[in-house]
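All heavy atoms count here, side chains included; hydrogens, waters and symmetry mates do not.
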Amino acid sequence: MCGIAGLVSKTNVNQGLYDALTVLQHRGQDAAGIVTCDEGRLYLRKGNGLVRDVFQQWHMQRLLGTMGIGHVRYPTAGSCSSAESQPFYVNSPYGITLAHNGNLTNSKELREELYRTDLRHLNTTSDSEVLLNVFAHELQALGKLTPTADDIFKAVEGVHRRCKGAYAVVAMLTGYGIVAFRDPHGIRPLVYGKRELDKGGNEYMIASESVALDSLGFDLESDVEPGQAIYIDINGNVSSKIVAEKHAKNPCIFEYVYLARPDSMIDGVSVYKARLRMGDHLAEKIKRDWKDKHIDVVIPIPDSSRTSALQVAHHLGVKYREGFIKNRYIGRTFIMPGQSQRKKSVRQKLNPIELEFKGKNVLLVDDSIVRGTTCSEIIQMARDAGANKVYFSSAAPAVRHPNVYGIDMPAAPELIAYERSTDDVCNKIGADGLIYQDLDDLIISVQEGNPNIDEFECSVFNGKYITGDVDDAYLESIEKARNDQAKSKDLADLQGESAPIDLHNGS
């Protein structure tokens, strides 16, 4: 889960990219980067931390140019190194920079192929660098001094032939333009927008979510479709083409559950309305299965469960209350590397309002349950605040399988629902009752917004990986990369790491 953005304008794009990444900050808090192009020269700034920390005024002043791309990152394979911050750069052909959201499932094979066949050197463990070099090789193989839109589309077609997994990409060809493309399943989101300039003409933006377009005054033109490439040249000419031989709309359903902001539109579906419908269906299940339980108040776990919790309270006919106050200056615990760090941050992040809990039977609503660490702490906080009974509900089904398409969920054994029944999970988190959304109801909640979606990527819930190339050996390799011990080592290594260096920019 990363955030990407690209801008082609008539004026400097540095501030626009900064603002877009700030809006997309929820998609990654580990690192941020921006690269711009001015008269054939690149200016890059990237490093670990939040957008506001990576970019100071002097960095922004040096990011010159009327087109550029940006990225906010969190690690998808356990590494927190600033060396893997994006965008990545390769000098041949043309000078290409690239930012990527997703994860390649055949990265290991591609690395070997790039070295032995394409004669390309890779300097990091990031599959985004793999993707960049595959794209660069396919473009270079065409042997054109000046690439056309058709040349770029042919290169993206080559990427689709070679790369498997999930990838939403924005890439900049120095002095020529920006290309955006999405894998043939459309697993990770990507949208395209336009804004009219006061003096005539248009400027264009690519982003992971439509909320980034909204915040900068761009009109949402469309999603980048699965298997589609959109090329915007430096003069603002736009070309697009479906270049994948086979393609289907299979967006990741977890985007709607948790990852995306509620004010975004993804593949024609309002995330906000989808979450409202999740609350409708969850309430119906509670009324059907918990007839013997008396609930006095519904309280959401802020922030992403609020929308569903409102509907649950409405349908149950009980009070909705904000029982937890959130400290806005603590990062999302889902993204934080290291189990101990996540656990410690929960009580720093949330503080209960005692009067909303004391002597009451409380139903807590969360968007999902992954490791269970957070909800265990929250349930205990509710009890400490005087709750009589604490029931827990999830607007999503039980998460039993790891994600391999760009979400850094833990390995299967670290998932609390792995090989456990609902009653087992309930006992482990210390609740008086636990209820999950049914997968069929979750799918209905989202698909109602766009019946043309072919099938959702639901692997974290059902273990069915939409690309069809994920086996036990691959899952074992992911498990080794994602264990908390590896992440702790990476954090320790960072203490001795040098500061990032800007191309043509100083440090």
In Å and rounded to the nearest 0.5 Å, what is the [atom1] to [atom2] distance from [X] to [Y]?
| X | Y | atom1 | atom2 | value |
| --- | --- | --- | --- | --- |
| L216 | E203 | CG | CD | 8.5 Å |
| I443 | C458 | CD1 | SG | 4.0 Å |
| I178 | M205 | CD1 | CE | 10.5 Å |
| Q57 | R62 | CD | CZ | 11.0 Å |
| L259 | N403 | CG | CG | 8.5 Å |
| L7 | Y18 | CG | OH | 15.5 Å |

Distance-only, no hydrogens or angles: does the [X] side chain make a donor-acceptor pair with backbone N or O of [Y] under 3.5 Å?
| X | Y | value |
| --- | --- | --- |
| D441 | H281 | no |
| Q140 | H137 | no |
| Y256 | I266 | yes |
| N12 | N14 | no |
| D223 | E225 | no |
| Q437 | A395 | yes |
| R275 | S305 | no |
| Q86 | H100 | yes |
| Q29 | H26 | no |
| Q25 | V51 | yes |

Tell me yes or no: between the side chains of [X] and [Y], is some donor less than 3.5 Å from an acceptor?
| X | Y | value |
| --- | --- | --- |
| S394 | D366 | no |
| D19 | T22 | no |
| S126 | E84 | no |
| Q311 | D280 | yes |

Task: Test log, rule side chain to side chain contact (heavy atoms under 4.5 Å, CB included), inputs L190 and I4 - done: CA-CA 8 Å; L190 197 61; I4 61 176; 3.5 Å; yes
Test: [X] and [Y] ion pair at under 4.0 Å:
| X | Y | result |
| --- | --- | --- |
| D303 | K326 | yes |
| D469 | K164 | no |
| R188 | E255 | yes |
| K249 | D454 | no |
| R261 | D263 | yes |
| E448 | K273 | no |
| E457 | K464 | no |
| D267 | R182 | yes |
| E138 | K154 | no |
| R162 | D118 | yes |
| K241 | E157 | no |

Do [X] and [Y] come within less than 4.5 Å of each other through their side chains, counting heavy atoms only?
| X | Y | value |
| --- | --- | --- |
| V238 | V8 | no |
| L98 | P87 | no |
| R41 | Y43 | yes |
| K10 | L197 | yes |
| I96 | M172 | no |
| L350 | P302 | yes |

Open item on the list: Consider side-chain contact (heavy atoms from CB on, under 4.5 Å). Of V257, V460, I187, which one does C252 pass it with?
Closed with: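 That would be I187.
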- [ ] Pick out which of N133, T125, L131 makes a side-chain contact (heavy atoms from CB on, under 4.5 Å) with E129.
- [x]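 When N133, T125, L131 are each tested with E129, the side-chain contact (heavy atoms from CB on, under 4.5 Å) holds only for N133.
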TODO: Assess whether side chain to side chain contact (heavy atoms under 4.5 Å, CB included) is satisfied between I206 and V191, documenting all intermediate values.
DONE: CA-CA 6 Å; I206 303 290; V191 295; over 6 Å; no
Task: Intermediate values then yes/no, side chain to side chain contact (heavy atoms under 4.5 Å, CB included), Y115 and L119 - done: CA-CA 5 Å; Y115 175 72; L119 307 180; over 6 Å; no
Task: Heavy atoms of other groups near Q56 CD, more than 12 under 6.0 Å - done: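 It does: Q56 CD has more than 12 such atoms within range.
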Task: Y272 atom OH, over 12 foreign heavy atoms within 6.0 Å - done: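 No, OH of Y272 has 12 or fewer neighbouring heavy atoms, counting only those of other groups under 6.0 Å.
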Open item on the list: Parallel, tilted or perpendicular: which one describes the rings of F461 and F254, with boundaries at 30° and 60°?
Closed with: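 Plane angle between 30° and 60°, so tilted.
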- [ ] Give the ring-plane orientation class for Y192 versus Y204, where under 30° counts as parallel, over 60° as perpendicular and anything between as tilted.
- [x]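 Parallel, since the angle between the ring planes stays under 30°.
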Task: Among T105, N101, T467, N103, side chain to side chain donor-acceptor pair (under 3.5 Å) partner for Y405 - done: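 Answer after filtering T105, N101, T467, N103: T467.
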Task: Shortest non-hydrogen contact from A20 toward A5 - done: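 Minimum heavy-atom contact is CB-CB, 4.1 Å.
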Task: Minimum-distance pair of heavy atoms, taken over all atoms of S304 and D367 - done: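 S304 and D367 have their closest heavy atoms at OG-OD2, 2.5 Å.
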TODO: Examine Y231 together with F153 and report whether their ring centres are nearer than 6.0 Å.
DONE: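 No, the ring centres sit 6.0 Å or more apart.
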- [ ] Could you tell me if the ring centre of H160 sits under 6.0 Å from that of Y167?
- [x]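 Yes - the distance between ring centres of H160 and Y167 falls below the 6.0 Å cut-off.
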- [ ] Under the side chain to side chain contact (heavy atoms under 4.5 Å, CB included) rule, what do D219 and K194 come out as? Steps first, then yes or no, please.
- [x] CA-CA 5 Å; D219 294 323; K194 179 175 71 173; 5.6 Å; no
